[in-house]
Amino acid sequence: MRKGLEQLVNGIDRFNGWVGETVSWLNLFMVLITFTIVLLRYGFQLNWIWLQESVTYMHALVFMAGAAYTFRDEAHVRVDIFYRRFSERGRALVNIIGGLFLLLPMVIFLAWVSFDYVMMSWSLFEGSREAGGLPFLYVMKSYILILAGMLFLQGIASIGRSILSLRGGAA
């Protein structure tokens with residue numbers, strides 16, 4: 001049982017780590033594309049909406065797909081006035097309770113309320129409202145479900161890691 005839980009936790013951590021590190025490269029592309037947009041606009045009076053929207057798409061993916069990676073590394077903003085004073089066992093209990101009663105229900109609710117919204121966008125192959133914009137708005141709306149799925153998995157890994165910690169050893 002312990003070995004299986006360790007493998008699950010480590011597998012989820014590796015997956016979210018790979019996704020997070022991969023999408024982090026989009027930050028470089030966003031900077032380069034933003035520089036290009038500014039150069040084209042102010043240097044050559046050229047403006048392409050699709051190029052501007054591509055930065056928005058990348059930013060959304062970095063944020064949505066990178067959230068679980070950030071959660072995995074505990075790099076998110078946290079108000080831990082009490083948490084930091086708890087023992088390792090106390091933190092593990094807080095993580096289990098928080099995961100089971102706050103995180104997992106929240107991401108399940110997010111997926112549930114977003115599903116029809118995303119599916120409607122896919123059924124219409126919804127695109128940009130701007131002339132010359134990207135025709136893939138339905139893909140960007142799907143990032144909401146990616147966020148929910150990846151945070152759900154990372155929540156399971158966090159709970160599993162805390163259970164392993166309570167049983168005497170980290171994953």
Answer with yes or no whether the hydrophobic clustering places [X] together with [Y]; edges join I, L, V, M, F, W, Y residues whose side-chain heavy atoms lie under 4.5 Å apart.
X    : Y    : answer
I49  : Y57  : no
I159 : L166 : yes
Y69  : L153 : no
W25  : V31  : no
V38  : F44  : no

Which pair of heavy atoms, one from [X] and one from [Y], lies closest together, and at what distance?
X   : Y    : answer
I37 : Q52  : CD1-CA, 3.6 Å
I12 : A157 : CG2-CB, 3.7 Å
A65 : V23  : CB-CG1, 4.1 Å
E88 : S165 : OE2-OG, 3.0 Å

How far does OG1 of T56 sit from CE of M30, to the nearest 0.5 angstrom?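 Rounded to the nearest 0.5 Å, the OG1-CE separation comes to 9.5 Å.
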Interatomic distance, CG@L151 vs CE@M64, rounded to 0.5 Å, equals 10.0 Å
Can you find a pair of side-chain heavy atoms, one from [X] and one from [Y], that are under 4.5 Å apart?
X   : Y   : answer
L51 : I33 : yes
Q7  : R2  : no
T22 : W18 : yes
H59 : L26 : no
W50 : E53 : no

Tell me if a side-chain donor or acceptor on S123 pairs with a main-chain N or O of M120 at a distance below 3.5 Å. yes
Please check: side-chain N/O of S24 versus main-chain N/O of E21, any donor-acceptor pairing under 3.5 Å?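 Here the side-chain-to-backbone pair exists.
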Show me the donor-acceptor pairs within less than 3.5 Å that the side chains of residues 133-146 make with the rest of the protein, sequence neighbours left out.
from, atom 1, to, atom 2, distance (Å)
K141, NZ, Y117, OH, 3.3
K141, NZ, E126, OE1, 2.7
K141, NZ, E126, OE2, 3.2
S142, OG, W122, NE1, 2.5
S142, OG, Y138, O, 2.9

Could you go through the side chain to side chain contact (heavy atoms under 4.5 Å, CB included) check for L164 and E6 one step at a time? CA-CA 8 Å; L164 290 169; E6 284 178 359; 3.5 Å; yes
Would you mind writing out the side-chain donor-acceptor pairs for residues 94-116 within the sub-3.5 Å range, not counting sequence neighbours?
from, atom 1, to, atom 2, distance (Å)
N95, OD1, Y83, OH, 3.1
N95, ND2, Y83, OH, 3.0
N95, ND2, R91, O, 3.3
S114, OG, L110, O, 2.6

Side chain to side chain contact (heavy atoms under 4.5 Å, CB included) evaluation trace for L93 with S162: CA-CA 7 Å; L93 288 171; S162 295; over 6 Å; no
Between V19 and F15, is the side chain to side chain contact (heavy atoms under 4.5 Å, CB included) condition met? List the steps. CA-CA 6 Å; V19 171; F15 172 72; 3.8 Å; yes
Taking side-chain hydrogen bond (donor to acceptor under 3.5 Å, both in side chains) as the test, write out the residues that go with D13, two or more places apart. Q154, R161
